[in-house]
Asker: 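My questions will all concern the structure given below.
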Amino acid sequence: MLELRPARGCAGAPLPRTPTWAGGADYEHVFDLPNNGTVAANVDTTFATSRYLSSDFYTPESKANGYFLLNANLTYASPGDVWSITGFVNNITNATIYQGSTTYVVNGFSELLGGPASQNYVLATVGPPRTYGVRASFHF
């Protein structure tokens, strides 16, 4: 039996990609060396609570959990800041951070045709995993 229902309005629905709480913090400390060079240590973090990744807020698959992202780097700068070298690690905890999604709602369609219940099809973009490396800079 086919049942028609009124369309669901968006009034009161959350905005996509908008967590209830989000923020970040950054700390850097610069150490002066006897040769007039410097070493700078930096740690930064961002966080967000759960949020819907798209305007498909009526499907539970479009809601992502909260996350905590932690990055760090250490930079040596030569005297006079002629060159510098930085070692870095991004996403230290290797968290999976979903950034956005598109949901194809197919749930219930096969049931209308007499078949088994189907799931929604979600395509999501994911932030990079833990990355690390070294950067060099030359100022001339």
Side-chain angles (χ1 to χ4, degrees):
M1 173 179 191
L2 179 60
E3 180 182 337
L4 297 176
R5 298 178 191 152
R8 179 178 173 181
C10 295
L15 291 173
R17 301 182 188 170
T18 307
T20 302
W21 293 98
D26 187 339
Y27 178 76
E28 181 174 81
H29 189 87
V30 178
F31 300 91
D32 295 322
L33 300 176
N35 69 350
N36 292 327
T38 60
V39 172
N42 179 280
V43 176
D44 68 81
T45 184
T46 56
F47 74 92
T49 57
S50 63
R51 68 241 175 262
Y52 286 94
L53 298 175
S54 68
S55 59
D56 303 317
F57 51 81
Y58 47 83
T59 60
E61 296 89 353
S62 69
K63 189 171 187 178
N65 293 328
Y67 68 86
F68 178 79
L69 179 65
L70 182 63
N71 306 309
N73 64 61
L74 189 65
T75 302
Y76 170 77
S78 68
D81 201 24
V82 175
W83 61 271
S84 64
I85 188 163
T86 301
F88 67 91
V89 181
N90 293 330
N91 193 358
I92 292 171
T93 62
N94 204 25
T96 301
I97 300 172
Y98 293 97
Q99 298 174 327
S101 74
T102 300
T103 304
Y104 296 96
V105 180
V106 294
N107 195 13
F109 180 71
S110 62
E111 290 177 90
L112 291 174
L113 302 176
S118 57
Q119 297 297 314
N120 296 321
Y121 182 62
V122 179
L123 297 174
T125 54
V126 180
R130 180 184 304 125
T131 55
Y132 52 89
V134 176
R135 286 188 293 261
S137 300
F138 300 92
H139 306 274
F140 50 92

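For reference, positions follow the sequence shown, starting with 1.
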Asker: What pair of heavy atoms forms the shortest contact from Ser50 to Lys63, and how long is it?
Answerer: OG-CE, 3.5 Å
Asker: Give me the other members of the hydrophobic cluster that Leu53 sits in, counting Ile, Leu, Val, Met, Phe, Trp and Tyr linked by side-chain heavy atoms under 4.5 Å, directly or via other members.
Answerer: Tyr98, Val126
Asker: Looking only at non-hydrogen atoms, find the nearest pair between Ala77 and Ser84 and report the distance.
Answerer: CA-CB, 3.9 Å
Asker: Should the heavy atoms of other residues, nucleotides or ligands under 6.0 Å from CG of Asp81 be counted, would the total exceed 12?
Answerer: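 Yes, enclosed.
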Asker: Pair up each side-chain donor or acceptor in residues 23-35 with any protein partner under 3.5 Å, not counting sequence neighbours, and list the distances.
Answerer:
| residue | atom | partner | partner atom | Å |
| --- | --- | --- | --- | --- |
| Asp26 | OD1 | Asn42 | ND2 | 2.9 |
| Tyr27 | OH | His29 | ND1 | 3.3 |
| Asn35 | OD1 | Gly37 | N | 2.8 |
| Asn35 | ND2 | Tyr76 | OH | 3.2 |

Asker: Kindly compute the distance separating CG (Asn90) from OG1 (Thr131), expressed to the nearest 0.5 Å.
Answerer: 4.0 Å
Asker: Is any side-chain heavy atom of Asn73 less than 4.5 Å from a side-chain heavy atom of Asn71?
Answerer: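 Of all side-chain heavy-atom pairs linking Asn71 with Asn73, none is under 4.5 Å.
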Asker: Keeping Arg17 on the side-chain end and Gln99 on the backbone end, is there a donor-acceptor pair under 3.5 Å?
Answerer: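 Such a contact is found between Arg17 side chain and Gln99 backbone.
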Asker: Looking at Thr86, is its backbone amide N or carbonyl O close enough to the side chain of Thr75 to form a donor-acceptor pair, meaning the two atoms are under 3.5 Å apart?
Answerer: no
Asker: Please check if the side chain of Asn91 supplies one atom and the backbone of Pro128 the other of a donor-acceptor pair under 3.5 Å.
Answerer: yes
Asker: Can you list, by chain and residue number, the hydrophobic cluster partners of Phe47 when the side-chain cut-off is 4.5 Å?
Answerer: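 Trp21, Val43, Phe68, Leu70, Val89, Ile92, Tyr132, all in the cluster of Phe47.
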Asker: I need the minimum non-hydrogen distance between Asn94 and Arg130, along with the two atoms involved.
Answerer: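 Scanning both residues completely, I find the closest heavy atoms to be OD1-N, 2.9 Å.
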Asker: Shortest non-hydrogen contact from Leu69 to Tyr67?
Answerer: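 Result for this residue pair: N-CD1, 4.1 Å.
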Asker: In the single-linkage hydrophobic clustering (I, L, V, M, F, W, Y; side-chain heavy atoms under 4.5 Å), do Ile85 and Val39 co-cluster?
Answerer: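 Yes.
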Asker: Please answer whether the main-chain N or O of Ser62 pairs with a side-chain N or O of Ser101 as donor and acceptor at a distance below 3.5 Å.
Answerer: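 No, because the side chain of Ser101 does not come within donor-acceptor range (under 3.5 Å) of the backbone of Ser62.
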